[in-house]
Each structure stands twice: as structure tokens, then as C-alpha cells.
Protein chains: 2
Amino acid sequence: MSLNRIIGYQLVQAGIVTGANFMHGVGKPYKLRPVEFTILQLIRETPHISPTTLAKTLAMTTPSMTAWLDKLSKRKLLMREKSVSDGRGQKLALTASGSALVEKALADLLESEAMLLAHLSLGEREMLLEILQKITAEKT
Amino acid sequence: MSLNRIIGYQLVQAGIVTGANFMHGVGKPYKLRPVEFTILQLIRETPHISPTTLAKTLAMTTPSMTAWLDKLSKRKLLMREKSVSDGRGQKLALTASGSALVEKALADLLESEAMLLAHLSLGEREMLLEILQKITAEKT
DNA sequence: TATTGTTATACTCTATAACTATA
DNA sequence: TATAGTTATAGAGTATAACAATA
């Protein structure tokens, strides 16, 4: 029996390809680590999301998330706003430049992934996303 | 447009699930990091594979691979043999205990992944592996 | 000259523990 | 007591550069 039957291994191998594609098309041009791009995009999709929720979504600890938010905040890409309803919490928001940057970055990434995966049929790409989301739904 | 359409993001999210499954079923019981398990299994599948080939397969540098091989070697799970045909190179081999360990670990992992993905149909699992391998084939 | 592998080194990323503030 | 977030700290994993040995 072989690694080829291990989903986790195949996910990593495919991730090497998409990761390299990300670095070339978005990471280097925009000076964004994958996690930084993801944080910005998640805030864009869910305004007022909290650091704790972000940390859970990306399977990291809150101190790690604090460090990433510090970096992005220093670059004026996002802002921390105090929650009114709960004085302990924060609501994250993109700055205008953060919003503009992530919007362009996402468009570039969609385009470069489309190029990268052009040899897959439309059905295959849809099927892939669907199955991956089913697996992700197992997240505890 | 959303992260849900980004294959790289969905791969990471699914990887969080399979990674947690690996840690629970194999990583902790056998005290193996994912990369360590993968190295052992790749040697098992390709006896006499070289450190350089392993490093390329796993998208890491040779100094990093040296460190992992040192660790596994100290645990007597593998051996470095000098290549006869090329005095610069090495041929990696599993020890008896390394071979036994990775064989059991792989069986456990296959079983725990089968449980984890029981909600996917057989066709979905086959389709997933097939598409991921097509993406991996893009590796440069 | 190019390649294989190692050593030395520093940097990035991470987690744990201890803390503050609020609920 | 529990939760949100930060700070301090140490450890894991990484890459780059310099090296030795062989091709």
C-alpha cells in the first residue's frame, strides 16, 4: 500500500503546487504570506470578525494571530476596533488600502489559479471544491 | 468573490482536518511528525532513494532534509548507505524496526482516514485522489 | 565546473504560560 | 469563573551561505 492512497499526502502535494503558484502570482508581488492574504480576505468576507474566530478558522493560537494582526496593522491594511457590546472583544476591519489590496490580490489569484488548473475540466474543478468542502465540514 | 473559490485555500482547510486526523491516529502514538512519516514511507516505496530526491519531493532544502534524516537515523529507523556508483550520493534504507513501524503506521492511517471520510462516496474519494494527482503533476 | 551532502547560522513561525481586562 | 486579547519566552522548522568530497 502506498502514500498515493493517503488523502493527507495528496493534499500536501497539491498544496505544494498551489502554494508555489500563490507565491509567484500574489505572495511576492503584494508581499503577503499566504496566511496574511487569507486573514485580509476573511475580514473582507466577514466584517467585524474577531481575532479569536480568525485563529480558530486558521487552526492557530491567539498569540500567533495577534502577531499577524500586528504586522498587517503596522502596514495600515487593517484596524482593530473595540467591540461595544463586549468590552473584551475586537472587531476587525480593513482600511481602504487593505481593501483595495486584497481585492486586486484575489482577482490575480483567481486568474493565476485558473491558468494553473486549465488542464482540469470545469466539472473536475467544481467537484474538487465540493469534495474539499465536505472534508472541511469535519472540522471540530 | 470569495475564498471558497480558491483551490489553495480549500486545500489548506481540508489539510487542517486530515492533519488533525494524522496527529491523533499516527503522529502521537508513533511519535512521528507528518514529514517523518512521509520520509519513511517514501523510502519504503522507493528503496535506495537519495536525500536530494526526498528533499525535492517534499519541497524542502537539503539542509532541512539532513536534519530530519539525522533524527530518524538516531532513532534507528533508517540508515544512510554510501552509493557505490556515485561516491557523492547516499542510498537510504529502512532498518527492520523502521520498516515495521511505518508499515503499522500506514495501516493505521488508512483506517483512520477511511473513518474520517466515511461520509464521502467511494466515487468521490477516487475522484478526489485523481484530481489531486493531476494538480500534483504540475509540480516543476 | 557542477552536484551531493553537511555544518553553521540566523530568521520565521509557532505554542505555552502568565498576565490584564471584561463578562 | 470563564472569555478575549496581549506579552514574554522558548522551541521547532526553515532557508541561505560556506564548505568538503566527488563527478
Side-chain angles (χ1 to χ4, degrees), chain A residues 12 15-16 19-20 22-24 27-28 30-40 42-43 46-75 78-93 140, chain B residues 12 15-16 19-20 22-24 27-28 30-40 42-43 46-75 78-93 140:
Chain A
V12 167
I16 291 173
F22 171 88
M23 283 318 267
H24 179 265
K28 282 188 186 175
Y30 293 92
K31 300 204 191 310
L32 286 176
R33 310 254 55 185
V35 63
E36 293 178 310
F37 166 76
T38 306
I39 289 168
L40 294 176
L42 284 171
I43 297 173
T46 310
H48 304 326
I49 194 172
S50 72
T52 298
T53 301
L54 275 182
K56 280 177 187 155
T57 302
L58 301 180
M60 57 170 58
T61 59
T62 51
S64 294
M65 183 55 63
T66 295
W68 287 116
L69 294 175
D70 283 349
K71 278 194 183 184
L72 293 168
S73 179
K74 275 175 192 156
R75 284 173 67 180
L78 61 79
M79 290 178 312
R80 292 166 157 115
E81 296 166 354
K82 253 205 160 173
S83 169
V84 201
S85 51
D86 185 337
R88 299 168 301 181
Q90 291 176 2
K91 296 184 172 189
L92 298 170
T140 46
Chain B
V12 168
I16 290 172
F22 171 88
M23 283 316 264
H24 179 263
K28 281 188 186 175
Y30 293 92
K31 298 204 193 308
L32 287 176
R33 309 254 59 189
V35 64
E36 294 178 309
F37 166 77
T38 305
I39 288 169
L40 294 176
L42 284 170
I43 297 173
T46 310
H48 305 326
I49 194 172
S50 72
T52 298
T53 302
L54 274 184
K56 279 176 188 156
T57 302
L58 301 181
M60 57 171 59
T61 61
T62 51
S64 293
M65 184 54 64
T66 295
W68 287 115
L69 295 176
D70 283 349
K71 278 193 182 182
L72 293 169
S73 180
K74 275 174 192 157
R75 284 174 68 180
L78 60 80
M79 290 179 311
R80 291 163 157 115
E81 296 165 355
K82 254 204 160 173
S83 169
V84 201
S85 52
D86 185 336
R88 299 168 300 181
Q90 292 177 2
K91 296 183 171 187
L92 298 170
T140 47

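Naming: A, B, ... by sequence-line order, numbering from 1 per chain. Side chains are part of it too, since the values below use all heavy atoms of this structure and drop only hydrogens, waters and symmetry mates.
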Give a yes or no on whether a salt bridge exists between B:R80 and B:D70, defined as a side-chain N under 4.0 angstrom from a carboxylate O.
yes
Length of the NZ-P vector between A:K56 and C:dA15, whole Å
15 Å
Please confirm whether the shortest side-chain N or O distance from A:R33 to OP1 or OP2 of C:dC13 is below 4.0 Å.
yes
Nearest 0.5 Å, what's the CD1-CG distance between B:I39 and B:L42?
8.0 Å
Between OG1 on residue B:T38 and CZ on residue B:F22, distance to nearest 0.5 Å
6.5 Å
Return the value, rounded to whole Å, for the distance between atom CG of B:L54 and atom C1' of C:dT3.
17 Å
Using atom NZ of B:K74 as one end and atom C1' of C:dT6 as the other, report the distance to the nearest whole Å.
13 Å
Quick one: label A:S83 by what it contacts on the DNA or RNA (base, sugar-phosphate, nothing), any heavy atom closer than 4.0 Å.
nothing
Candidate nucleotides C:dA15, C:dT6, C:dG5, ranked by approach to the side chain of B:R80 - the nearest:
C:dT6
At 4.0 Å (heavy atoms only), tell me whether A:K91 reaches a base, stays on the sugar-phosphate, or touches nothing.
nothing
Looking at D:dA12, I'd like to know if its phosphate oxygens (OP1 or OP2) sit under 4.0 Å from a side-chain N or O belonging to B:K71.
no
Any side-chain to backbone donor/acceptor pair from A:T46 onto A:I49? Under 3.5 Å, distance only.
no
Distance check needed: D:dA4 C1' versus A:L92 CG, whole Å only.
12 Å
To the nearest angstrom, the CG-P distance between A:D70 and D:dA8 comes to 11 Å
Is the closest side-chain heavy-atom distance between A:R88 and A:S83 below 4.5 Å?
no
Minimal heavy-atom distance between B:L92 and B:S50, with the atoms involved, is CD1-C, 4.1 Å
May I have the distance from A:M65 (atom CE) to D:dT3 (atom C1'), rounded to whole angstrom?
17 Å
Closest of C:dT7, D:dT6, D:dT14 to the B:W68 side chain is D:dT14
Would you kindly give the CD1-to-P distance between A:I39 and C:dC13, to the nearest whole Å?
11 Å
Rounded to whole angstroms, how far apart are CE on A:M60 and C1' on C:dT12?
12 Å
Contact under 4.0 Å: A:T52 side-chain N or O vs D:dG5 OP1/OP2:
yes
Measure the NZ-OG distance between B:K91 and B:S85 for me, rounded to the nearest 0.5 Å.
4.5 Å
Between A:A59 and A:V84, whichever has its closest DNA chain C nucleotide further toward 5' is A:A59
I'd like a table of atom pairs between the protein and nucleotides 16-22 of chain C - only N or O on both sides, under 3.5 Å - with the distance next to each one.
from: C:dT22; atom 1: O3'; to: A:G87; atom 2: N; distance (Å): 3.4

